[in-house]
Amino acid sequence: MQDPALNIVVLVKHVPDAQFDRHLSDDDYTLERDESILSELDEYALEAALQLSEARGGPKAGNVVTALTMGPAAAVNAVKKSLQIGATQGLHVCDDALSGSDAAGTSLALAAAIRTLGNVDLVLTGMASTDGETSLVPAQLAERLGLAQITFASELAVAGNTVTARRESDSHSATLEAPLPALVSVTDQINEPRYPNFKGILAAKKKSITQLSLADLGLDAAEVGAAGAWTSVVEAKPRPARAQGTIITDEGDAGIRLADFLAGQKLL
């Protein structure tokens, strides 16, 4: 007997491309996002969701994978790529008042968006975003939704009404279980994300993306954005230019001089 269909939400984020230098705006120290892409760590969560869906017969069997993002208009590109990879539908929380939101405001808005989707079985996230790298949103979101949470999962399985995950550490490996509905953040060791193929790119054009404002979510602007943030950046300075390194010319004693240099830097 095949397991029942799953309603899965995957958080995806539009983040600055790591190939380019990052810059903060001069007025409010928020991150400039001109050159942005789908966060690569979120691709592991999306792949995990697709594998769970496909094991149960995919969309034809009633499984739904929703790619959810929050951000300005351009953030929809993270959802679009997720649909090309295989997500069923997209959800984009977009409102000018969200600008400057910290983890608390972000989790508040995302929780409200998830509630619009009805009975969700599983919320999957990456281990962190590649811009903020706080890893705070998954735990805060689970708390706001009243869900059991398992973080930093390197393996994931769902059987019946139970999600089972493995978490690795330097000294041991733990197997954790939680009842559905639940929230799980996954690491970059859990799978190998797929790339969008031509068929997926064409199919994505027919998939729906719903945009929601704060009014749609029943939230007040004072609860999110810079106005509702629990944290703030009070000062930021550009990283100093990198100083020229020490050049050691081999005159027969290069090994000794290199060892002395490393010892002086306390690297030995």
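The structure displayed is predicted, hence computed values, not measured ones. We use all heavy atoms of the structure for the numbers below, so side chains are in, but hydrogens, waters and symmetry mates are not.
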Report yes or no: does His92 contribute a side-chain atom to a donor-acceptor pair with the main-chain N or O of Gly71 at less than 3.5 Å? yes
If two hydrophobic side chains count as joined below 4.5 Å and joins carry through other members, does Val163 share a cluster with Leu145? no
Is it the case that the side chain of Lys13 and the backbone of Asp42 share a donor-acceptor pair, with hydrogens and angles ignored and the cut-off at 3.5 Å? no
Audit row: His14, Ile37, side chain to side chain contact (heavy atoms under 4.5 Å, CB included) steps and yes/no: CA-CA 5 Å; His14 203 227; Ile37 58 173; 5.6 Å; no
With the 4.5 Å side-chain cut-off for hydrophobic clustering, are Trp230 and Leu98 part of the same group? no
Check whether Asp121 reaches the backbone of Pro181 with its side chain - one donor and one acceptor, N or O, closer than 3.5 Å. no
Between the side chain of Asp260 and the main-chain N/O of Arg257, is any donor-acceptor distance below 3.5 Å? no
Is any side-chain heavy atom of Pro59 less than 4.5 Å from a side-chain heavy atom of Ser53? yes
Hey, does Phe152 have a side-chain heavy atom less than 4.5 Å from the side chain of Ser169? no
Answer yes if the side chains of Asp102 and Thr231 hold a donor-acceptor pair under 3.5 Å, and no otherwise. yes
Does Ser39 use its side chain to pair, donor to acceptor, with the backbone of Val15 at less than 3.5 Å? no
Calculate, to the nearest 0.5 Å, the distance between atoms CE and OG belonging to Met70 and Ser107 respectively. 9.0 Å
Interatomic distance, Arg144 atom CZ to Leu108 atom CG [nearest 0.5 angstrom]: 4.5 Å
What's the shortest heavy-atom distance between Ser208 and Leu83, and which atoms? O-CD1, 4.3 Å
Would you call Arg194-Glu54 a salt bridge at under 4.0 Å N-O? yes
Do you reckon Val123 sits in the same ILVMFWY cluster as Val12, going by side-chain contacts under 4.5 Å, direct or chained? no
Within-4.5 Å side-chain heavy-atom neighbours: Val184 and Leu122: yes
Evaluation steps, side chain to side chain contact (heavy atoms under 4.5 Å, CB included), between Val93 and Thr69: CA-CA 6 Å; Val93 180; Thr69 197; over 6 Å; no
Please find the pair of heavy atoms, one from Ser185 and one from Gly126, that lie closest to each other, and give the distance. CB-O, 3.6 Å
Ser154 and Gln189 side chains, donor-acceptor separation under 3.5 Å: no
side-chain contact (heavy atoms from CB on, under 4.5 Å) with Leu124: of Leu183, Val9, Leu46, Ile8, only one passes, and it is Ile8
Taking the side chain as every heavy atom from C-beta outward, state whether Val79 and Leu91 have any atom pair closer than 4.5 Å. no
Is there a donor in the side chain of Ser173 and an acceptor in the side chain of Arg166, or the other way round, less than 3.5 Å apart? yes
Asp96 CG: over 12 foreign heavy atoms closer than 6.0 Å: no
If we only count heavy atoms from C-beta on, is the Val186 to Met127 side-chain gap below 4.5 Å? no
Is there side-chain contact between Lys80 and Ile209, with heavy atoms separated by less than 4.5 Å? yes
Criterion salt bridge (Lys or Arg N to Asp or Glu O under 4.0 Å) on Lys81 and Glu43, from CA distance to verdict: CA-CA 10 Å; Lys81 184 173 181 182; Glu43 294 185 27; 3.7 Å; yes
Linking I/L/V/M/F/W/Y whenever their side-chain heavy atoms sit closer than 4.5 Å, directly or via other members, would Ile85 and Leu41 fall into one cluster? yes
Tell me if a side-chain donor or acceptor on Thr88 pairs with a main-chain N or O of Val65 at a distance below 3.5 Å. yes
Here the gap from Asn7 atom CG to Leu180 atom CG, rounded to the nearest 0.5 Å, amounts to 11.5 Å
Any side-chain donor near an acceptor of the partner, Thr66 and Gln89, under 3.5 Å: yes
Can you confirm whether Glu168 is buried at CD, in the sense that more than 12 heavy atoms of other residues, nucleotides or ligands lie under 6.0 Å from that atom? yes
Minimum-distance pair of heavy atoms, taken over all atoms of Ala178 and Ala182: CB-CB, 4.5 Å
Mind checking whether Tyr44 and Asn191 have side chains closer than 4.5 Å, heavy atoms only? yes
Between Asp3 and Arg56, is the closest basic N to carboxylate O distance under 4.0 Å? yes
Write down the atom of Ser135, the atom of Ala128, and the distance for their closest heavy-atom approach. OG-CB, 3.3 Å
Tell me if a side-chain donor or acceptor on Gln265 pairs with a main-chain N or O of Leu262 at a distance below 3.5 Å. no
Got a second to check how far Gln140's CD is from Thr106's OG1, nearest 0.5 Å? 8.5 Å
Counting only heavy atoms from other residues, nucleotides and ligands, does the tally under 6.0 Å from CG of Asn119 exceed 12? no
Member of Leu136, Leu147, Ile114 meeting the side-chain contact (heavy atoms from CB on, under 4.5 Å) criterion with Leu141: Ile114
Got more than 12 heavy atoms from elsewhere within 6.0 Å of CD1, Ile256? no
Between atom CG of Leu117 and atom CG of Leu68, what is the distance when rounded to the nearest 0.5 Å? 7.5 Å
Cluster question for you: counting only ILVMFWY and a side-chain heavy-atom cut-off of under 4.5 Å, with indirect links fine, are Ile150 and Val10 together? yes
Do Leu38 and Ser82 come within less than 4.5 Å of each other through their side chains, counting heavy atoms only? yes
For Asn63 and Leu6, indicate whether the former's side chain and the latter's backbone hold a donor-acceptor pair under 3.5 Å. yes
Verify side chain to side chain contact (heavy atoms under 4.5 Å, CB included) between Val137 and Leu110, making sure each step is shown before the conclusion. CA-CA 9 Å; Val137 169; Leu110 292 175; 4.1 Å; yes
Derivation of the side chain to side chain contact (heavy atoms under 4.5 Å, CB included) call for Val224 and Leu214: CA-CA 9 Å; Val224 297; Leu214 289 180; 3.7 Å; yes
